[in-house]
Student: 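What follows is a structure written as structure tokens; I'll ask about it next.
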Amino acid sequence: MSHRQRALCILGATGSIGASTLDVAGRLGIPVHSVTAHSKVAELARCAVAARAQVAVIGDETRLPELRRLLEGSGIRAETGAAALCAAAAAAEVGAVVTAIVGAAGLPATIAAAKAGKRLCIANKEPLVMAGPLVMAAAKAAGGSVLPVDSEHSAIFQCLEGHRTSEVAEILLTSSGGPFRTVADLSVVTVEQALKHPTWSMGPKITIDSATLMNKSLELIEAQVLFGVGAEQVRIVVHPQSVVHSMVAYRDGSVMAQLGRPDMRTPIQYALTWPNHVAGPVEAPDFARLGGLTFEDPDRRRFPSINLAYHAARLGGLAPAVMNAANEVAVAAFLAGRARFIDIFSTVEKALGQLANTAEPSLEQIVAADCETRARYA
Ligand code: NAD
Ligand code: MG
């Protein structure tokens, strides 16, 4: 089946990844079946009309009448609520689902898409961190495929293609280092400073995660889940230019890398067109103008998130879900001006310290741990 025959469901169509996905789909002539958003009803209606979608789902139920009004006469069905979100992801007309909701809120729809055997293009990493083994098992049982959209994981996926995971020595997960790579005192940084990412333009939550390097912590677990490797096989390397999106070192000392401009349309497009690399809007980097590519170890003292991630990855069970929930509430508190930047680290550390763990938790246990952690640390 070609990518033009796989109609899309875009979960979180009004966000940063959602907008890039709509752009890629428009250029490649991929039909969009459904689009969803949480509360930005006018934007949702606009993108539903522009993409000629058949269904638009607004998460916030109070906005349904407005959505209906905005879509009147368009022939686009307006829906709302959690069940409608899952139904959109699992609809028979849909071939591929792009998960671009932010945070744990995307978990039910991710599971629904996996169970329905869709091509699951995952940008929304938090559900994979929380319930990775369940998502992967559901996709496998239903005969679907899981394709990474996260740029690092798309890079690793490409560096692994045609190779055996058993021959991998190390996965080198690159990080820009964020805006505070060279800032000595993180206790005084402001929301405004933290929202200025040096190389990528993204939604607010992941931008803060990139500043704390918690994004790399989530990505370490995401890599474990997607590629079936141990945490000790993944090394985080700071690469401020964001050109090498990640690398895989093999046992014979040879290293494969994937390079590109910092533009999410590249990994989004590859998830949609895999195994084909088709022409798209992003050009290859101009190597004569790149200047240097540099690499360094992360500073684990200033960024405790790195050690916390390896700790959570080794603990397994509920630890990744608890780490994620504590991080989500701490980031929300920081963005709202109720907490300091460094409180994000201490909140995650405290939550992991008080963890009552369970091996191989069920979805219900994961959701309960997520809710309890939020209630305790909000
Ligand atoms: P964003 O904040 O720009 O957009 C989030 C989208 O999710 C919006 O459409 C919003 O309506 C929807 N949403 C928010 N809360 C919701 C809820 N409770 N229920 C239903 N929908 C809800 O975020 P983003 O930067 O596009 O990131 C989306 C996901 O992709 C995140 O998990 C992020 O980690 C991941 N990701 C983003 C980038 C990037 O470049 N932005 C790169 C890699 C991975
Ligand atoms: Mg990433």
Side-chain angles (χ1 to χ4, degrees), residues 9-23 34-48 56-61 63 67 79-86 88-89 98-110 112 121-130 148-157 173-178 195 197 199-210 212-223 226 236 239 242 244-246 258 260-268 271 324 327-328 331-332 335 370 374:
C9 163
I10 308 174
L11 301 167
T14 55
S16 162
I17 293 288
S20 296
T21 304
L22 285 163
D23 182 81
S34 50
V35 286
T36 85
H38 184 51
S39 55
K40 290 185 178 161
V41 66
E43 283 179 34
L44 178 65
R46 209 176 309 128
C47 68
V57 184
I58 189 81
D60 180 348
E61 305 193 1
R63 310 278 168 111
L67 183 62
E79 294 180 355
T80 189
L85 213 65
C86 292
V98 175
T99 71
I101 290 175
V102 60
L107 179 62
T110 302
C121 306
I122 298 201
N124 182 199
K125 63 192 85 180
E126 293 90 345
L128 265 196
V129 170
M130 301 168 72
V149 167
D150 214 348
S151 56
E152 295 79 359
H153 303 75
S154 177
I156 297 163
F157 180 78
L173 180 67
T174 56
S175 158
S176 71
L195 283 175
H197 196 274
T199 47
W200 292 95
S201 158
M202 311 176 283
K205 192 259 176 181
I206 186 176
T207 304
I208 301 303
D209 286 346
S210 301
T212 56
L213 302 196
M214 273 309 294
N215 185 46
K216 237 19 79 174
S217 310
L218 300 172
E219 290 184 356
L220 167 73
I221 300 187
E222 187 184 7
L226 286 170
I236 296 170
H239 167 50
S242 300
V244 176
H245 293 314
S246 275
Q258 187 262 347
R261 291 183 195 260
D263 187 323
M264 287 306 293
R265 292 177 300 177
T266 308
I268 291 168
N324 177 67
N327 180 57
E328 281 194 33
V331 169
L335 282 172
D370 174 74
R374 280 165 200 276

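Counting starts at 1 for both ligands and their atoms, in listed order.
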Student: Rounded to the nearest 0.5 Å, how far apart are CE of Met130 and CD1 of Ile221?
Tutor: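 Going from the CE atom of Met130 to the CD1 atom of Ile221 covers 12.0 Å.
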Student: Please write down residue, atom name and distance for the protein heavy atom closest to atom 25 (O) of ligand 1.
Tutor: Gly203 N, 2.8 Å
Student: Distance-only, no hydrogens or angles: does the Asp60 side chain make a donor-acceptor pair with backbone N or O of Ser39 under 3.5 Å?
Tutor: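 Pair absent, no side-chain N/O of Asp60 close to backbone of Ser39.
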Student: Regarding ligand 1, does Met202 bring an N or O atom to under 3.5 Å of one of the ligand's N or O atoms?
Tutor: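 Between Met202 and ligand 1 (N or O atoms, distance only) the closest approach is not under 3.5 Å.
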Student: Considering Ile206, Thr21, Leu218 one by one, which has a heavy atom nearer to atom 33 (C) of ligand 1 than any of the others?
Tutor: Ile206
Student: Considering non-hydrogen atoms of the protein only, which is the closest contact for atom 31 (C) of ligand 1, and what is the distance?
Tutor: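 In this structure, atom 31 (C) of ligand 1 has Ile101 O, 3.8 Å as its nearest protein heavy atom.
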Student: I need the nearest protein heavy-atom contact for atom 32 (O) of ligand 1: residue, atom name and distance, please.
Tutor: Glu126 OE1, 2.7 Å
Student: If we only count N/O pairs under 3.5 Å, is Thr99 in contact with ligand 1?
Tutor: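 Among all N and O atoms of Thr99, none is under 3.5 Å from an N or O of ligand 1.
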Student: Using a 4.5 Å cut-off on heavy atoms from C-beta on, say whether the side chain of Asn327 contacts that of Lys205.
Tutor: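 Lys205 vs Asn327: side chains touch.
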Student: Rounded to the nearest 0.5 Å, what separation is found between the OG1 atom of Thr110 and the CD1 atom of Ile101?
Tutor: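 That separation rounds to 7.0 Å.
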Student: Polar-atom distance check: Asp150 versus ligand 1, any N or O pair below 3.5 Å?
Tutor: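 By distance alone, the answer is no.
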Student: Considering only protein heavy atoms, which is closest to atom 34 (O) of ligand 1, and at what distance to one decimal place?
Tutor: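 Going atom by atom, the protein heavy atom closest to atom 34 (O) of ligand 1 ends up being Lys125 CE, 3.3 Å.
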Student: Just which atoms of ligand 1 are under 4.0 Å from any heavy atom in Gly12?
Tutor: 6 (C), 7 (O), 9 (O)
Student: Quick test: of every protein heavy atom, which one is nearest to atom 3 (O) of ligand 1, and how far off is it to 0.1 Å?
Tutor: Ser16 N, 2.9 Å
Student: Tell me whether Ala37 reaches ligand 1 (any heavy atom closer than 4.0 angstrom to a ligand atom).
Tutor: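 For ligand 1, residue contact (heavy atoms, under 4.0 Å) with Ala37 is present.
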Student: Looking only at distances, please establish whether an N/O atom of ligand 1 is found under 3.5 Å from an N/O atom of Gly18.
Tutor: no
Student: Could you grab the angle centred on the Mg ion (ligand 2), going from OE1 in Glu152 to OD1 in Asp150, to 10°?
Tutor: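 Approximately 100° at the metal, rounded to tens of degrees.
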Student: Tell me which part of Met264 gets within contact of ligand 1: side chain, backbone, both or neither, using heavy atoms under 4.0 Å.
Tutor: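 The part of Met264 near ligand 1 is the side chain, not the backbone.
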Student: How close does the nearest protein non-hydrogen atom get to atom 4 (O) of ligand 1, and which residue and atom is it?
Tutor: Gly15 CA, 3.2 Å
Student: By atom name, which N, O or S atom of Glu219 is the nearest to the Mg ion (ligand 2)?
Tutor: OE2
Student: For atom 30 (O) of ligand 1, which of the options Ala105, Ala123, Ala100 provides the nearest non-hydrogen atom?
Tutor: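 Checking each option, the heavy atom nearest atom 30 (O) of ligand 1 is found in Ala123.
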Student: Does Glu328 reach the main-chain N or O of Ala104 with its side chain, forming a donor-acceptor pair under 3.5 Å?
Tutor: yes
Student: Taking Thr36 for its side chain and Gly12 for its backbone only, find out whether a donor-acceptor pair lies under 3.5 Å.
Tutor: yes
Student: Considering only non-hydrogen protein atoms, determine which one is nearest to atom 9 (O) of ligand 1 and report residue, atom name and distance to 0.1 Å.
Tutor: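 Result: Thr14 OG1, 2.7 Å.
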Student: How close do Pro267 and Val149 get, counting heavy atoms only, and between which atoms?
Tutor: CB-O, 3.1 Å
Student: Side chain or backbone, does Ser151 bring an N or O within less than 3.5 Å of an N or O on ligand 1?
Tutor: no
Student: Does the pair Lys216/Glu219 count as a salt bridge with the N-to-O cut at 4.0 Å?
Tutor: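 A salt bridge links Lys216 with Glu219.
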Student: Does the side chain of Ile206 reach to within under 4.5 Å of the side chain of Val102, using non-hydrogen atoms?
Tutor: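 Not in contact.
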Student: If you measure from atom 27 (O) of ligand 1 to every heavy atom of Ile17, Leu44, Val129, which option wins on shortest distance?
Tutor: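 Closest candidate by heavy-atom distance is Ile17.
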Student: Walk me through whether Ser242 and Trp200 qualify under side chain to side chain contact (heavy atoms under 4.5 Å, CB included).
Tutor: CA-CA 8 Å; Ser242 300; Trp200 292 95; 3.6 Å; yes
Student: Geometry only, no angles: is His38 polar-contacting ligand 1 at N/O separations under 3.5 Å?
Tutor: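 Yes.
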Student: Any idea which heavy atoms bring Ser20 and Arg265 closest together, and the distance?
Tutor: CB-CG, 3.8 Å
Student: How close do Ala13 and Cys47 get, heavy atom to heavy atom, and via which atoms?
Tutor: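 Scanning both residues, the minimum pair turns out to be CB-SG, 4.1 Å.
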Student: For Ile58 versus Thr80, what's the shortest heavy-atom pair and its separation?
Tutor: O-OG1, 2.6 Å
Student: Lys40: heavy atom below 4.0 Å from ligand 1, yes or no?
Tutor: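 Flag not set, Lys40 not near ligand 1.
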